[in-house]
Amino acid sequence: MDFNVKKLASDAGVFFTRAVQFTEEKLGQAEKTELDAHFENLLSRADITKNWTEKILRQTEVLLQPNPSARVEEFLYEKLERKIPSRVTNGELLGQYMTEAASDFGASSPYGQTLIKVGETQKRLGIAERDFIHSSSINFLTPLRNFLEGDWRTISKERRILQNRRLDLDACKARLKKAKAAEAKAAALPDFQETRPRNYVLSASASAAEHELRVAQTEFDRQAEVTRLLLEGISSTHVNHLRCLHEFAEAQATYYAQCYQYMVDLQKQLGRFPSTFVGNAEAAASPPLSASPPAATLPLLQAVSPNTVDGTLNPADVKPPASGTRKAKVLYDYEAADSTELGLRADELITVYSLPGMDPDWLIGERGNQKGKVPVTYLELLS
């Protein structure tokens, strides 16, 4: 076994120096190099992103799989890099039980016929649920998990290295300060023959401390730049998670629309709805199933084009209201898709306001003589 005593002693010395510097900083006995305000904001933003991403990920997992034992089992399969076995949903299992019960009760009896119809619908609901869980896991949970297990681990590692570089830098500053003070004190003493060797040693010690400080400052600046680049990548992470969130909402809307349609078809089979009602989703009558929305709302989400405000309104022709305008800070760069939109640059301030009939995800933005629609998700509204 190759055991390098010198390297071990050197590493122990560095660790001890950092520990002493860290302890003195906590006790207020040593100076600490402060990061600039922009860097501190990047650190705070990264921490907030990590904390909320964890919470959203965990709660989404609970939403998709309420059974904690099943979640633990899936977690173990993932860590072992084994394929997660297909799991029968509760709806599918209920539908299977109803179908088997109909065979025992008699498929030709009224009760048996109804069990078969309801059971088939439950199976279809279970299949829709399984598809929704699979789609959400791939398009929403996986990107969040990849950020926490990939990008965030890299950021945390570089932050720890930066912290060590800062402790080394401040320790070098402290050593240089002590060496300068000792050299100045020695220079103030009477210049007898026997003091000259000691003055030479003190001067050499100060020169060595200055060299160590320059090296530590260079390493700190290099590591600070690496960490800054990683932290600035959080903006791209937000954009990616925004796209994934849209896909999750679309999958959820599709799932609930399918479930509603399946229940409408079941009610039609059971003869609970008049045929004219089932055939026309815009009829005014409400289904007797209180948990279901009215038939007129069958398309749960209607796609609204972001390039229109009310169908004919052009933002360039809009006059701002007398009151209700607000200042907003732009969070990310945004390229205008067409002439009705306003391009944005990160950190700039613009004036925004809403108009009756507008999509709530959009506002009218003004910058000087320029005017156009801007997405709300790219803004931080100021008071």
Side-chain angles (χ1 to χ4, degrees), residues 35-57 59-60 139-148 150-156 158-159 224-250 304-309 315-316 318 320-321 324-355 358-383:
L35 302 171
D36 60 83
H38 177 63
F39 200 98
E40 291 289 354
N41 289 335
L42 290 176
L43 290 174
S44 176
R45 188 182 183 203
D47 289 333
I48 293 173
T49 300
K50 180 258 184 183
N51 293 335
W52 281 112
T53 301
E54 278 186 335
K55 292 180 180 180
I56 292 174
L57 173 64
Q59 192 56 38
T60 306
N139 298 327
F140 187 59
L141 293 183
T142 298
L144 299 185
R145 193 177 291 112
N146 288 342
F147 165 72
L148 293 174
D151 295 349
W152 181 252
R153 288 186 178 179
T154 303
I155 291 174
S156 299
E158 297 301 329
R159 287 176 66 175
E225 183 63 24
V226 171
T227 308
R228 184 193 301 274
L229 292 175
L230 290 173
L231 293 174
E232 289 176 348
I234 293 293
S235 298
S236 300
T237 299
H238 286 186
V239 174
N240 182 40
H241 289 181
L242 174 62
R243 176 184 57 81
C244 297
L245 186 60
H246 285 176
E247 294 179 356
F248 173 70
E250 181 179 354
V304 179
S305 173
N307 297 329
T308 61
V309 177
V318 173
T325 60
R326 298 180 63 179
K327 290 292 185 180
K329 179 182 177 181
V330 179
L331 299 177
Y332 322 115
D333 292 347
Y334 176 76
E335 296 295 335
D338 53 35
S339 59
T340 65
E341 297 182 5
L342 180 66
L344 303 175
R345 292 295 175 265
D347 296 330
E348 71 173 343
L349 294 178
I350 62 174
T351 301
V352 296
Y353 51 90
S354 180
L355 296 175
M358 281 191 66
D359 186 331
D361 294 334
W362 294 78
L363 293 172
I364 299 297
E366 288 187 359
R367 184 201 307 112
N369 296 328
Q370 297 178 326
K371 183 189 303 182
K373 293 180 299 173
V374 293
V376 175
T377 52
Y378 283 71
L379 304 175
E380 177 184 359
L381 297 179
L382 306 176
S383 57

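Every heavy atom of this structure was used, including side-chain atoms; hydrogens, water molecules and symmetry mates were not.
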Glu250 side-chain N/O to His246 backbone N/O, donor-acceptor pair under 3.5 Å: no
Nearest-0.5 Å distance that lies between atom NZ in Lys329 and atom CG in Leu349: 8.0 Å
pair Leu342-Glu366: side-chain heavy atoms closer than 4.5 Å: no
Considering all heavy atoms, the nearest Gly365-Val352 contact: CA-CG1, 4.1 Å
Minimum-distance pair of heavy atoms, taken over all atoms of Ala328 and Leu381: CB-CD2, 3.8 Å
Main-chain N/O of Phe39 paired to Asp36 side chain as donor or acceptor, under 3.5 Å: yes
Spacing of Ser156 atom OG and Asp47 atom CG [to the nearest 0.5 Å]: 8.0 Å
Atom of Ile350, atom of Arg367 and distance for their closest heavy-atom approach: CG2-CB, 4.3 Å
Within-4.5 Å side-chain heavy-atom neighbours: Val374 and Tyr334: no
Value rounded to 0.5 Å, distance of NZ in Lys373 from OG1 in Thr340: 3.5 Å
Side-chain touch Arg326/Leu382, heavy atoms, less than 4.5 angstrom: no
Full working for side chain to side chain contact (heavy atoms under 4.5 Å, CB included) between Thr154 and Leu230: CA-CA 8 Å; Thr154 303; Leu230 290 173; 4.0 Å; yes
Spacing of Lys50 atom NZ and Ile234 atom CD1 [to the nearest 0.5 Å]: 12.0 Å
Separation between CG of Leu57 and CD of Glu54, rounded to the nearest 0.5 Å: 8.0 Å
Atom of Pro375, atom of Leu344 and distance for their closest heavy-atom approach: CD-CD1, 4.4 Å
Derivation and outcome, side chain to side chain contact (heavy atoms under 4.5 Å, CB included), residues Tyr378 and Leu331: CA-CA 5 Å; Tyr378 283 71; Leu331 299 177; 5.6 Å; no
Residue pair Leu229, Glu225: steps toward the side chain to side chain contact (heavy atoms under 4.5 Å, CB included) verdict: CA-CA 6 Å; Leu229 292 175; Glu225 183 63 24; 4.0 Å; yes
Side chain proximity check, Phe147 to Thr49, heavy atoms < 4.5 angstrom: yes
Pairwise side-chain contact, Thr142 with Asn146, heavy-atom cut-off 4.5 Å (strictly under): yes
Minimal non-hydrogen separation, Val226 against Glu158, with atom names: CG1-OE1, 3.9 Å
Distance (rounded to the nearest 0.5 Å) between Leu35 CG and Arg228 CZ: 8.5 Å
Heavy-atom closest contact (Cys244 atom, Phe140 atom, distance): O-CD1, 3.6 Å
Under 3.5 Å side-chain donor-acceptor pair for Ser235 and Arg45: yes
Trace of the side chain to side chain contact (heavy atoms under 4.5 Å, CB included) decision for His241 with His238: CA-CA 5 Å; His241 289 181; His238 286 186; 5.5 Å; no
Heavy-atom side-chain contact between Asp347 and Val330 under 4.5 Å: no
